[in-house]
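FYI, side chains are in, hydrogens and waters are out, and symmetry mates aren't considered; it's all heavy atoms of this structure.
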Amino acid sequence: MATKIRLQRKGRKGKAFFHIVVADSRSRRDGRLIEKIGTYNPISDPATIELDIDRAVYWLQTGAQPTNTARNILSYKGALMKKHLLDGVKKGAFNEEEAEKRFNAWLEDRAKAVETKKENIAKAKEDAKKAALDAERKKAEEKIAAEKAALEAEAAAAEAETAEESAPEAEASSEENTTEE
């Protein structure tokens with residue numbers, strides 16, 4: 001029986017969620033499975049992956065072929081690395097303790113990289129929020145300045161109007177004063 005490590009789609013429309021499963025290659029995508037070895041949530045940022053690495057390595061060693069996406073997930077979580085190291089132990093390149101030590105060092109490096117990525121995402125969100133607030137503040141200041149300029153222009157126009165209205169009255173009163181004399 002040819003086995004595959006592949007994704008089984010769950011979740012609703014637009015909110016995909018996947019189980020990482022070992023299944024007969026002839027069964028349907030969401031059909032019968034042999035074993036569920038993990039989950040994958042691509043919606044979260046960064047994507048959330050839970051995987052039983054030991055079971056994945058077992059199935060890889062027994063000949064299960066991962067699909068492209070499943071291969072990427074297994075590589076990301078270190079199942080392919082562990083299989084590679086165990087193959088080196090079988091060939092006599094190094095012992096099992098050395099393989100475990102190398103695998104744990106690789107996991108620590110991977111954890112640091114993921115943590116750095118999460119921090120960068122959080123920082124980018126914070127910077128974007130700050131930039132949006134600054135842009136909004138600048139736009140509000142420009143709007144206030146424009147309204148202030150419009151009010152000043154309106155006040156100047158009203159002052160000019162009152163000056164024009166009072167000017168003919170002043171001329172008329174001065175003419176009256178000269179005629180009366």
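To the nearest 0.5 Å, atoms CG (Leu7) and OG1 (Thr39) are separated by 10.5 Å. Residue Ile37 holds its CD1 atom at 9.5 Å from CD1 of Ile73, rounded to the nearest 0.5 Å. The structure places OG1 of Thr67 at 9.5 Å from CD1 of Ile20, a figure rounded to the nearest 0.5 Å.
Arg137 has a carboxylate O that lies under 4.0 Å from a charged side-chain N of Asp134, or vice versa, which qualifies the two as a salt bridge. Ion pairing between Asp54 and Lys82 holds under the 4.0 Å rule for side-chain N and carboxylate O.
For Glu142, the CD atom is densely surrounded, since the number of other residues' heavy atoms within 6.0 Å is greater than 12. Within 6.0 Å of the CG atom in Asp127, the count of heavy atoms belonging to other residues, nucleotides or ligands exceeds 12.
Side-chain atoms of Asp30 come within 3.5 Å of backbone atoms of Arg9 as a donor-acceptor pair (strictly under, hydrogens ignored).
Applying the side-chain hydrogen bond (donor to acceptor under 3.5 Å, both in side chains) definition to pairs two or more places apart or across chains, those involving residues 86-103 are Lys83-Asp87, Glu98-Arg102.
What you find for Phe94 and Ala99 is that their closest heavy atoms are CE1-CB, 3.6 Å. Shortest non-hydrogen contact noted between Ala70 and Arg6 is CB-CA, 4.2 Å. Ala47 and Pro42 make their closest contact through CB-CA, 4.0 Å (heavy atoms, listed as atom of the first residue, atom of the second, distance). When all heavy atoms are compared, the tightest approach of Ser25 to Lys4 is CB-CG, 3.6 Å.
A heavy-atom distance below 4.5 Å is not found between the side chains of Ile43 and Phe17.
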Quiz item: Does the side-chain contact (heavy atoms from CB on, under 4.5 Å) test come out yes or no for Arg71 and Gln65, once each step is laid out?
Solution: CA-CA 9 Å; Arg71 179 179 304 279; Gln65 294 297 313; 4.3 Å; yes
